Amino acid sequence: MRKERGFTLTELAVVLAIVALLLGGLLYTLSAQTDQRNFEETRRRLELARELLLSFAIVNGRLPCPATSTSNGDESPSGGGTCTGYLPNSANTNGYLPATAIGFRSVDASGFATDSWGNRLRYAVASNATQPSGSTSCASPSNPDAFTTTTKLKSNGISCGALDLVICSATQNTNSGVSPPSCGTYGTTGDARPVTNQRTVVAVVIAQGKNTSSGSGGADEAENVDNDGVFVFHEPRPTDGQGGEYDDQLTWISVGELYGKLIAAGVLP
Ligand SMILES: [Ca+2]
Ligand SMILES: [Ca+2]
Ligand SMILES: [Ca+2]
């Protein structure tokens, strides 16, 4: 007679531990894959936003104004001109991508363009034209709606730079209180370096990413929504990284690229 023998408690515990480990690993992989997919989808939406903004400019001879929290995804004011709360103006509390004006399809129930986590895409456009650095060719630019009014953009012409927006590698040591806004001079660890030069960027689109829904995010991210002309772009970082947690994604349009598209389409000069 063979003696029947079951699993010992120790054996069962080992098996359960292995199953738990495998399951945990699987769940982690799944959530990491979802995050990665959302990140890439958001990147695609930003690129689409960029193309649609440039297409809008070709048809309308200007860039659209940002949407505000009450404009249901349309530019404000409708038809462009002097934007509601234009930069550099601290009253510009509600700059969103004008989804209905440019025909952007991923929108929330109120018509605002969103990233793949459902956060509304931010958008800022330069209002003032200026001499490109070291040049005197943009003699008397028409401001402050230089890039959002068709006749002004045309009369300013391609000799003007865009004054109000600059992209930096950190918020530390930047200066938004000067015109043009500045990434400052690099001095100590954590200080910003320029990602773009001043007078280069005419529009920027920002996705605030996964952490925005949970209300987290660091100082570098806060710089992207504090309604001044300085924006921060770098690779994603964890909470204890330089400048705090950062998962924002940005894309921007240089003024030269805008002019290039308008010239190619016969809108300028
Ligand atoms: Ca973020
Ligand atoms: Ca700031
Ligand atoms: Ca800022």
Side-chain angles (χ1 to χ4, degrees), residues 31-32 34-46 49 66 68 83 85-97 106 108 112-128 162-186 190-253:
S31 105
T34 307
D35 284 351
Q36 185 62 28
R37 252 204 317 277
N38 283 334
F39 196 84
E40 283 162 12
E41 166 63 15
T42 295
R43 165 91 349 231
R44 272 193 293 277
R45 291 188 192 186
L46 286 179
T68 69
C83 302
Y86 56 87
L87 283 171
N89 179 342
S90 59
N92 181 33
T93 51
N94 300 301
Y96 297 105
L97 186 71
S106 303
D108 63 18
F112 292 91
T114 62
D115 65 18
S116 35
W117 291 277
N119 306 308
R120 290 175 181 177
L121 295 180
R122 298 282 187 146
Y123 164 72
V125 59
S127 50
N128 292 297
L163 187 67
D164 312 305
L165 314 176
V166 70
I167 320 284
C168 309
S169 68
T171 183
Q172 188 173 305
N173 204 35
T174 59
N175 189 351
S176 59
V178 291
S179 185
S182 162
C183 296
T185 306
Y186 185 90
D191 279 359
R193 293 182 190 274
V195 175
T196 68
N197 280 349
Q198 296 165 298
R199 304 180 177 90
T200 300
V201 175
V202 71
V204 57
V205 185
I206 300 144
Q208 292 182 264
K210 183 185 180 187
N211 69 358
T212 295
S213 311
S214 61
S216 55
D220 282 359
E221 291 205 335
E223 185 59 69
N224 285 335
V225 291
D226 67 351
N227 312 310
D228 61 37
V230 174
F231 298 86
V232 173
F233 175 72
H234 56 67
E235 78 290 348
R237 282 180 202 156
T239 313
D240 55 0
Q242 182 77 50
E245 186 179 28
Y246 184 98
D247 71 351
D248 287 5
Q249 296 183 68
L250 269 71
T251 191
W252 54 85
I253 297 171

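If you read the sequence from its start, that first residue is 1, and numbering goes on from there. All figures in this text were calculated on a predicted structure; none of them were measured in a lab. Remember, it's 1-based here, ligands and their atoms both numbered in the order they're listed.
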From the options Arg43, Arg45, Arg37, select the one residue that forms a salt bridge (charged side-chain N to carboxylate O under 4.0 Å, His left out) with Glu41.
Arg45

For a quick check under 3.5 Å, do Ser116 and Thr42 share a side-chain donor-acceptor pair by atom type?
yes

Close side-chain approach of Asn211 to Glu221, heavy-atom, < 4.5 Å:
yes

Which atom name does Asp228 have for its N/O/S atom nearest to the Ca ion (ligand 3)?
OD1

Calculate the angle formed at the Ca ion (ligand 2) by OD2 in Asp226 and OE1 in Glu223; 10° precision is enough.
100°

With ring centroids as reference points, do Trp252 and Phe233 lie under 6.0 angstrom apart?
yes

Around the Ca ion (ligand 1), how many protein N/O/S atoms fall inside 3.0 Å?
6

Arg122 vs Val225 side-chain heavy atoms within contact, under 4.5 Å
yes

We want to know whether Ser176 and Asp228 form a side-chain donor-acceptor pair, criterion being a heavy-atom distance below 3.5 angstrom.
yes

Does some side-chain heavy atom of Val232 sit less than 4.5 Å from a side-chain heavy atom of Leu250?
no

Can an N, O or S atom be found in Val225 less than 3.0 Å away from the Ca ion (ligand 3)?
no

